[in-house]
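Worksheet: one structure, shown below.
The chain is numbered in sequence order, starting from 1.
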Amino acid sequence: MTQVRAKARTERAGERGESRFAEGFALFAECLLTGVWIAVVSLPLVTYPAAFAAGARHLGRRLAHERGGWREFAADFRSAVRRGWLVGVAGWAALTLVWVDVRAVREGLPGGPFVGAVGVLALIGAAVAGLRAAAAWRPGASWRSLLARGGRRTVLDPAGSFLIVGGLAVVVCSAWFSAPLAVPVLGAVAAAAVAVEERYRRR
């Protein structure tokens, strides 16, 4: 009888392990699919903040075992893009300024290397703050407030910010290796931002 009970416990443990593996794989697949959705709605170029906000919301529902699919994602995107496109314009403006700094460095401008390094670091910090803001977005939230809080969390939680930078680096490396690979990886970056924000909230 003891052997039978032990065998039953072993089988149940194996089933739980298999279930955890299946759930983890399903979440990974959901991240890749979300990356495709983010890429599609980011095609207008200025809509990427709203795209990441909608993607983060979708993955948050998935982690909470709530129902949601493309329809909910699209509804969140429509809500986020009403003001989020202005954030997208600001992001492209910042990227242009950094590109000008880098050009100045190449032209040998005095103090150029320092200015260029500061510009690149500021751009990375702004990208992290933007992703943290997108991960915290909720319908009706003010992007200005979200970005201000995201900027503070970027400084106060360097470990979490470093994780997001790592995710961005994976996207860049994927795009360098093969551009299509960067598309699904965008979902993993959104998932990293969601996880980092949840970790910070529970501190």
Side-chain angles (χ1 to χ4, degrees), residues 27-28 30-32 34-39 41-42 45-64 66 68 72-73 75-95 97-98 118-175 182-203:
L27 179 59
F28 175 71
E30 196 71 29
C31 288
L32 299 183
T34 303
V36 175
W37 291 353
I38 291 173
V41 298
S42 294
L45 298 182
V46 297
T47 57
Y48 64 89
F52 273 101
R57 283 270 290 170
H58 172 71
L59 292 174
R61 283 191 293 267
R62 180 66 177 78
L63 290 171
E66 298 176 1
E72 289 76 12
F73 173 88
D76 285 334
F77 173 74
R78 287 193 297 270
S79 178
V81 80
R82 289 177 188 142
R83 297 291 181 182
W85 69 270
L86 294 171
V87 181
V89 171
W92 284 112
L95 181 61
L97 288 176
V98 172
V118 170
V120 171
L121 290 175
L123 181 64
I124 294 173
V128 172
L131 283 170
R132 298 190 78 140
W137 178 85
R138 297 293 182 273
S142 166
W143 276 102
R144 180 177 297 180
S145 298
L146 289 172
L147 288 170
R149 292 196 296 269
R152 287 194 295 271
R153 291 192 298 273
T154 298
V155 176
L156 296 176
D157 181 26
S161 298
F162 180 77
L163 290 174
I164 296 177
V165 171
L168 292 172
V170 171
V171 173
V172 173
C173 291
S174 299
V183 172
V185 176
L186 293 174
V189 175
V194 171
V196 165
E197 286 299 291
E198 184 65 17
R199 168 183 168 275
Y200 184 83
R201 186 180 66 83
R202 293 183 179 183
R203 287 175 56 180

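- Residues Trp92 and Leu45 approach most closely at NE1-O, 2.7 Å, considering heavy atoms.
- Residues Arg153 and Glu197 are paired through a salt bridge, judged by an N-O separation under 4.0 Å between the basic side chain and the carboxylate.
- Minimum heavy-atom separation, Ala39 to Val183: CB-CG1, 3.5 Å.
- In terms of heavy-atom proximity, Ala191 sits nearest to Cys31 at CB-SG, 3.6 Å.
- Checking each of Ser79, Ser142, Pro49 against Trp137 for a side-chain contact (heavy atoms from CB on, under 4.5 Å) leaves exactly one that passes, namely Ser79.
- With values rounded to the nearest 0.5 angstrom, Glu30 atom CD is found 6.0 Å from Trp37 atom CH2.
- The number of heavy-atom neighbours closer than 6.0 Å to CZ of Arg83, taken from other residues, nucleotides and ligands shown, is 12 or below.
- Thr47 places a side-chain N or O within donor-acceptor distance of the main-chain N or O of Val41, the cut-off being under 3.5 Å.
- Considering NE2 of His58 and CZ of Phe77, their distance stands at 15.5 Å, rounded to 0.5 Å.
- Partners of Phe52 according to the side-chain contact (heavy atoms from CB on, under 4.5 Å) rule, which considers only residues two or more places apart in sequence or in another chain, are Ile38, Leu131, Ala134, Leu186, Val189, Ala190.
- The salt bridge (Lys or Arg N to Asp or Glu O under 4.0 Å) pairs that include a residue from residues 47-56 number zero, where partners must be two or more places apart or lie in different chains.
- Environment of CZ in Arg144: sparse, with no more than 12 heavy atoms of neighbouring residues, nucleotides or ligands closer than 6.0 Å.
- Within the structure, no pair that satisfies the salt bridge (Lys or Arg N to Asp or Glu O under 4.0 Å) test touches residues 182-191, not counting sequence neighbours.
- Considering only heavy atoms from C-beta on, Leu63 stays 4.5 Å or farther from Glu198 through its side chain.
- Going from atom CG of Leu59 over to atom CZ of Phe73 covers 9.0 Å, rounded to the nearest 0.5 Å.
- The two atoms that bring Ala80 and Trp143 nearest to each other are O-NE1, 3.1 Å, heavy atoms only.
- Ser161 contributes a side-chain N or O that, together with a main-chain N or O of Thr154, makes up a donor-acceptor pair within less than 3.5 Å.
- In this structure, CG in Leu97 is found 9.5 Å from CG in Leu123, a value given to the nearest 0.5 Å.
- The minimum heavy-atom distance linking Gly68 with Arg61 is given by the pair CA-NE, 4.3 Å.
- Smallest separation of non-hydrogen atoms from Arg199 and Ala159: NH2-CB, 3.8 Å.
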